[in-house]
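Report on the following structure.
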Amino acid sequence: MGELVLAEGGEFVPPGAKDFFLPPIFGEVTKPMVLVVLSVIIIAVFFLLATRSFKLVPSKFQFIAESVYDMGRNSIAREQIGGKDFKPFVPLIVTLFTFILVNNLFGIIPLIQFPTMSHIGFPLAISVLVVYPVYHFVGFKRHGFVGYLRNQLFPPGVPKPVYLLLAPIEFFSKFIMNPITLAIRVFAAMFAGHLILLVFTLAGEYLLLEAGGALKPVSLLSFAFAIAMTFLEALIQVIQAYIFALLSASYIGMALASDH
């Protein structure tokens with residue numbers, strides 16, 4: 001890891017965006033691509049093992065799986081979509097939460113140490129290719145083409161002249177910015193968090209190996225900050241996965257709602 005920051009002459013070169021673009025492992029396959037596939041395998045195996053034999057007194061696997069499902073079903077889907085419509089969307093919400101969570105947690109797992117969602121393409125693909133089509137599709141299906149556009153662009157109770165300004169803003173927000181901001185939230189958090197961890201870890205290594213004798217003890221402080229930031233990053237990773245699933249459910253709920 002020190003190779004990232006040690007230039008010729010032992011000068012410290014701080015990590016940056018370039019360190020997120022890893023060389024291919026083989027062919028055109030990169031580490032983030034492998035991690036995405038690995039996350040799917042981990043999630044599938046976990047739920048298969050947790051649900052293969054339900055017990056009245058649940059095992060640890062079963063308890064964790066039931067807790068995750070209950071949170072996705074009741075705390076997110078039911079609350080945001082509504083008691084009448086939420087059930088068909090529970091698998092999607094639970095999948096979004098677990099998929100984002102596992103790929104975020106890769107950033108603090110030893111040997112892996114790379115949050116997949118720090119590459120903007122992955123959260124953007126989930127947002128634009130999965131969440132965006134789903135909530136607009138169900139909205140058009142529920143209200144019809146004209147009815148859905150009217151519901152989204154022309155909220156009731158607004159003076160008609162104001163619609164000339166409000167409707168374009170609503171269109172830009174609902175049909176363009178929502179999927180982009182949904183992706184940017186998790187990307188920015190994972191990118192910034194991983195960069196901070198790199199700075200403290202590599203700075204500590206540099207101070208320990210290259211700095212003068214008086215500065216070497218400072219490396220301990222840098223490593224201590226790295227450890228503290230790792231725990232904080234773990235919390236942020238969970239929160240960001242929750243927010244992604246929560247906002248996705250919220251968009252579906254707003255698309256299905258009769259009122260704006």
Side-chain angles (χ1 to χ4, degrees), residues 1 4 15-47 68 71-72 76-77 80 89-137 174-199 201 229-230 232-252:
M1 186 176 285
L4 294 173
K18 64 183 184 301
D19 298 313
F20 287 79
F21 294 93
L22 306 177
I25 298 175
F26 57 89
E28 297 297 324
V29 178
T30 62
K31 182 177 180 178
M33 295 178 185
V34 174
L35 293 180
V36 166
V37 176
L38 178 62
S39 69
V40 174
I41 295 173
I42 290 173
I43 295 167
V45 170
F46 170 76
F47 279 104
V68 171
M71 183 191 65
I76 300 179
Q80 298 299 319
F89 303 101
V90 171
L92 173 64
I93 300 304
V94 173
T95 300
L96 288 173
F97 173 74
T98 53
F99 182 77
I100 298 292
L101 177 62
V102 172
N103 280 281
N104 285 352
L105 291 175
F106 281 152
I108 59 171
I109 295 178
L111 301 180
I112 296 178
Q113 294 176 311
F114 190 88
T116 318
M117 296 300 148
S118 63
H119 274 210
I120 184 62
F122 292 108
L124 194 61
I126 299 170
S127 178
V128 173
L129 301 180
V130 179
V131 180
Y132 181 83
V134 167
Y135 74 79
H136 283 311
F137 173 78
K174 300 288 179 59
F175 291 88
I176 298 177
M177 287 307 298
N178 275 358
I180 296 175
T181 56
L182 181 64
I184 288 177
R185 282 184 181 90
V186 63
F187 157 72
M190 294 304 100
F191 181 89
H194 191 60
L195 189 60
I196 290 172
L197 290 181
L198 281 177
V199 168
T201 302
M229 289 302 301
T230 298
L232 178 61
E233 182 66 6
L235 176 62
I236 293 173
Q237 288 165 349
V238 176
I239 291 174
Q240 285 299 321
Y242 179 83
I243 290 175
F244 193 98
L246 184 74
L247 289 175
S248 300
S250 175
Y251 293 157
I252 294 172

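Computed over heavy atoms, backbone and side chain alike; hydrogens, waters and symmetry mates excluded. Count residues from 1 along the sequence.
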(request) With side chain to side chain contact (heavy atoms under 4.5 Å, CB included) as the test, would you mind laying out the steps for I252 and Q80 before giving the verdict? (result) CA-CA 8 Å; I252 294 172; Q80 298 299 319; over 6 Å; no
(request) Output all residues satisfying side chain to side chain contact (heavy atoms under 4.5 Å, CB included) with I41, sequence neighbours left out; order by chain, then residue number. (result) V37, V45
Could you state the interatomic distance from [atom1] ([X]) to [atom2] ([Y]), rounded to the nearest 0.5 Å?
X	Y	atom1	atom2	value
I120	M190	CD1	CE	12.0 Å
L101	M117	CG	CE	10.5 Å
L182	S250	CG	OG	10.0 Å
I93	L246	CD1	CG	9.0 Å
F20	K18	CZ	NZ	10.5 Å
Y132	I176	OH	CD1	7.5 Å

Nearest non-hydrogen partners of [X] and [Y], listed with the distance:
X	Y	value
V36	S39	O-OG, 2.6 Å
S127	P179	OG-O, 2.5 Å
L124	I180	CD1-CA, 4.5 Å
V94	G72	CG2-CA, 4.0 Å
P15	L195	O-CD1, 3.7 Å
I108	T230	CG2-CG2, 3.9 Å

(message) Given 3.5 Å as the limit, does a donor-acceptor pair link the side chain of T98 with the main chain of T95, or not?
(response) yes
(message) Given 3.5 Å as the limit, does a donor-acceptor pair link the side chain of K174 with the main chain of Y251, or not?
(response) no
(request) Would you check if I126 and I100 make a side-chain contact, meaning some heavy-atom pair closer than 4.5 Å? (result) yes
(message) Less than 4.5 Å apart, side chain to side chain, heavy atoms only: is that true for T181 and L247?
(response) no
Side-chain donor/acceptor pairs under 3.5 Å, residues 235-244, sequence neighbours excluded:
residue : atom : partner : partner atom : Å
Q237    : NE2  : N104    : O            : 2.9

(request) Hey, could you give me each pair passing ring-ring contact (aromatic ring centres under 6.0 Å, His included) that has a residue in residues 105-128? Not counting sequence neighbours. (result) F21-H119, F114-H119, F114-H194
(message) Looking at F175, I'd like to know if its CZ atom is crowded, meaning that more than 12 non-hydrogen atoms belonging to other residues, nucleotides or ligands lie closer than 6.0 Å.
(response) yes
